[in-house]
Structures are given as structure tokens and as C-alpha cells.
Amino acid sequence: RYDDPEHGFVYNGPSSTIEEQAYKILDKLKPKNAYEHALKKLSDEGNIDKIDLPEISCADCSSDFWDWYDEIEEITITRLIPEIPTLPKEIKEIVPELALPHKIEFFRFDCSPYLIHLTKSAKVVTKIHPHMETPISENLSALEILWVILQSKTISAFQGSGMSAPAVCFTEKPLAALKDTLIGRESELRENTAIRWAPYGLMFTKKYLIQLGTEPVIPLKQKDKASIPPALQYRVVRNSIKENFLHEREWRSGSDINFDPTECIVLLPTFEQIKPLRTALEKEGIYVKGFLPLAEIFACL
């Protein structure tokens, strides 16, 4: 019998097999230097050569018991989180587009792979009757107009001030630049000189909207507009020293956009608005790709 009470090391000799005793020894060695201490003591007493444990080896590196004699380290691992479950096959097989280096828009702060259509409060024609001289109009909020667009699954083309033809307008501004448009210095400058947009709208991938006929605008001086065919006049934007709209980063479609709701991301100011709007849409059988709370995101930029 060999005892080392100080380090919990006990060897009972022939009462059981060497391998069984070795496992008992390994289980009892709690202090960090217990292996080293035990082996050193066996060596000092001349008993180290009497140990033969050919079947005891490390599961990771395959080293046998003798390899531990020169340098032995005890590592304690504490689990901080529950065991991670195995991911479903369909999730494992997803290849994120971010892994594609040629997608420049994913890696530059001044580019975006998305196009955004913002809404604002406006007077909208709601009723027309043959016996009425004047159509009936109602003032709708930006949120109400967003609801109408989602319910109809259509963004209608409109000819605004300074436009040569009706169009649906989008911006390719990244969210950081959109922040300035909606709540930053640009929004203050827009107060009396330009359209004041609200933090409501829809966001689509460029790839999807290009398939629906959306293209970048063409900035031109007034004298050059005549050189553009009538079918492309909706893309023309006035550009001069006094009139420069390049900061709008605008794209346009020359006709109504009839979209698939599952291709759009809905833009709202806050998290709290997402659940009630999602519930209302689902009651109508409308399901979208997702929601973005702009005010919450802007707070992080």
C-alpha cells in the first residue's frame, strides 16, 4: 500500500488491477500539482520503474502515462452556458451573401444594397363619383399611407413638383445618411425648402426593384432634357448650380410598383409599433420580410 494523504494519492497494490487503481488515482488528484508531486515521490523512492500502464493514454493527443511524467498540467473547465444544441440542417446550409467579396455595397459605409421608399403625410383622393364635380380627398398620416400601400401591395407613380413625368421614387442612402435626412441637420434644412419625410416606409433590395424596372435617375441641365427620349423622361432630374439633387441618391420607376410583400422590409420609428402592425397585416393575410425600427437603429449610429 502507498499513501499520500496530503494530496489524496492512494495506491492499494494487488487488491485490484493496475488500470483500475490508476483511474482511482487520477480521480483523486485534485490539487494542480498532484500529478507532478505523486510521480516525483515515486521516482525519489525508486518505484517509478515498477509502474506499467500501457492502456492509459490521453484521448486528445494519444500520449501514454509516461509522457505525462515530464510535464503535467491540470486544466479546469467551467461551463458558463448550457450545452449548445445542434443546429438544424436547413440553418447550417445557409450561405450568407456577406461572404461574397464582390458585393461592394455590403462593405462600404456610403453604399447600400437596398432602396428605400419613404412616406409622408399628404392629401389623398379617396372617392370619385360621376355626379361629383370635385373628388373627395382626405388628409392621411405617413403611417396611414404606409398601411394603404401595404394593403394594396402597390406604390403608385406620382408626378411631383419639378418632375417631367409620373414616377415612384426611392433613395439608395444607407441608414446612417437616412438618419440625417429624417432627424439630423438635413431634416432641419428641409423644414421650409423641401419635402419633410417621416420615419415610415418600405425597403427592398436593389436586385428586386431592378427586376421591376427601377433605375437610377439621370441628372441633366435644362437644355439637355430634350436629348432624352420621352419614355425615359421620368428619370430626368434637374441639375444646375442652383438646383442640385444629387444628395437624394435617387432611383425611379416610370410606372406603379406592384410588389410582393415578402420582398419588403417595413420601416417604423420604434420597436413598440412592430407587433401591432404585424398583427394587423397578418389579419389581412399580408406577410412581409421583416421590420426595422428606425429611431432605435439611429440611436446606435
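- Evaluation of the side chain to side chain contact (heavy atoms under 4.5 Å, CB included) rule for Ser156 yields Thr154, Asp256 as partners, not counting sequence neighbours.
- Checked by atom type, the side-chain pair Gln273/Tyr200 shows a donor-acceptor distance below 3.5 Å.
- A distance-only check finds no donor-acceptor pair linking the side chain of Thr214 to the backbone of Ile210 [under 3.5 Å].
- Counting only distance, with no hydrogens or angles, the side chain of Arg252 and the backbone of Tyr234 share a donor-acceptor pair below 3.5 Å.
- A 4.5 Å side-chain heavy-atom check between Leu277 and Thr279 finds every atom pair outside the cut-off.
- Ring to ring, Phe204 and Tyr114 are not that close: their centroids are 6.0 angstrom or more apart.
- The ring-ring contact (aromatic ring centres under 6.0 Å, His included) pairs that include a residue from residues 135-180 are His117-Phe170, where partners are two or more places apart or lie in different chains.
- Within the model, atoms CG of Leu202 and CG of Leu118 stand 9.5 Å from one another, a figure rounded to the nearest 0.5 Å.
- Note: Leu209 CG to Cys264 SG = 10.0 Å, rounded to the nearest 0.5 Å.
- No hydrogens or angles considered: a donor-acceptor pair under 3.5 Å links the side chains of Glu172 and Trp251.
- Distance CG/Asn239 to NZ/Lys221: 8.5 Å, rounded to 0.5 Å.
- Under a 3.5 Å cut-off, the side chain of Glu263 and the backbone N or O of Asp260 do not form any donor-acceptor pair.
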